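Let me begin by presenting the structure, written as structure tokens, before commenting on it.
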Amino acid sequence: MNLRKDMMSRSEKKMGSFIVENRRFREFFGVGPDVALLAWNMMCSAGSLPEGGILQHWLWTLCFLKVSAKQGPLCALCGGAGPKTVHKWVWLFIDAFIWLFKDAFIALESEVVSHQSNGCSCHFTIFSNIFLF
């Protein structure tokens with residue numbers, strides 16, 4: 001994945017072991033490469049991939065979700081892409097990913113509403129049940 005190496009400023013460096021590179025990927029993008037690729041494939045299969053979207057834009061989105069950087073640093077992490085470009089693709093991919101789980105989010109919304117009187121522990125339980133694959 002040359003995109004990954006470029007975003008992580010590792011394109012000129014020797015690859016480490018699988019374990020080390022996997023850890024570096026997780027530190028930068030918040031998930032392992034297998035999960036990132038699984039989500040990409042799910043979006044492709046479901047037809048929710050934004051028109052014109054490429055894997056690089058998905059990695060920008062994962063980086064945004066992990067780092068939550070301000071506009072300038074995020075654009076630098078995204079290879080110097082313009083802020084409008086980064087903003088456009090990040091939010092299109094967030095919407096595309098959420099679309100995959102729209103039924104789960106609808107269920108979550110109804111569960112939260114019906115169990116609001118039970119407090120925060122109920123919300124945590126709901127989240128942990130929905131997002132475990």
Side-chain angles (χ1 to χ4, degrees):
M1 253 186 173
N2 291 333
L3 295 172
R4 171 195 61 88
K5 287 177 70 176
D6 289 342
M7 284 185 70
M8 294 171 56
S9 300
R10 297 196 47 79
S11 54
E12 302 298 322
K13 297 181 180 166
K14 182 182 170 193
M15 291 285 287
S17 70
F18 173 79
I19 294 170
V20 170
E21 291 301 321
N22 193 22
R23 187 190 76 234
R24 286 182 179 139
F25 191 96
R26 287 177 186 276
E27 288 172 355
F28 203 83
F29 298 108
V31 296
D34 52 341
V35 173
L37 194 55
L38 173 67
W40 171 263
N41 289 333
M42 288 173 69
M43 286 186 287
C44 288
S45 297
S48 71
L49 199 64
E51 187 175 333
I54 58 175
L55 185 57
Q56 180 179 16
H57 301 145
W58 176 235
L59 292 177
W60 291 357
T61 304
L62 293 174
C63 183
F64 168 76
L65 293 171
K66 169 67 177 169
V67 178
S68 299
K70 297 285 186 190
Q71 190 172 11
L74 182 63
C75 289
L77 288 171
C78 295
K84 288 182 181 178
T85 302
V86 172
H87 185 268
K88 170 191 169 181
W89 289 111
V90 162
W91 288 103
L92 283 174
F93 270 95
I94 288 173
D95 287 343
F97 185 73
I98 288 174
W99 186 85
L100 290 174
F101 301 99
K102 64 183 179 298
D103 295 334
F105 284 104
I106 291 168
L108 171 67
E109 184 178 352
S110 65
E111 287 292 317
V112 170
V113 170
S114 64
H115 292 92
Q116 277 183 338
S117 62
N118 291 343
C120 293
S121 61
C122 176
H123 301 309
F124 176 78
T125 303
I126 292 168
F127 277 110
S128 66
N129 288 340
I130 288 177
F131 294 108
L132 290 177
F133 297 141

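These numbers were taken from a predicted model, which means no experiment stands behind them. Atom set for the values below is all heavy atoms of this structure, side chains included, hydrogens, waters and symmetry mates excluded.
- Between the CZ atom in F97 and the CE atom in M42 there is a gap of 6.5 Å [rounded to 0.5 Å].
- To the nearest 0.5 angstrom, R26 atom CZ is 12.0 Å from L62 atom CG.
- Taking both residues in full, the closest heavy atoms of C44 and L49 are given as SG-CD2, 3.6 Å, listed atom of the first, atom of the second, then distance.
- In terms of heavy atoms, S48 sits closest to A96 at O-CB, 2.9 Å.
- Hydrophobic clustering (ILVMFWY, side-chain heavy atoms < 4.5 Å, transitive): L59 and I54 are in distinct clusters.
- In terms of heavy atoms, F29 sits closest to C63 at CD2-N, 3.9 Å.
- For the pair K66/F28, no side-chain contact is recorded, criterion being any heavy-atom separation below 4.5 Å from C-beta on.
- Between F93 and W40, the ring planes are parallel. Angles under 30° get that label, and only those over 60° would be called perpendicular.
- Side chains of I94 and F64 form a contact here, defined as non-hydrogen atoms less than 4.5 Å apart.
- Under the rule for a side chain to side chain contact (heavy atoms under 4.5 Å, CB included), the partners of N41 that lie at least two apart in sequence or sit in another chain are L37.
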Please list every donor-acceptor pair under 3.5 Å in which a side-chain atom of residues 74-91 meets a protein atom from a residue at least two apart or in another chain.
none

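- Among residues two or more places apart in sequence or in another chain, the salt bridge (Lys or Arg N to Asp or Glu O under 4.0 Å) test is passed with E27 by R23.
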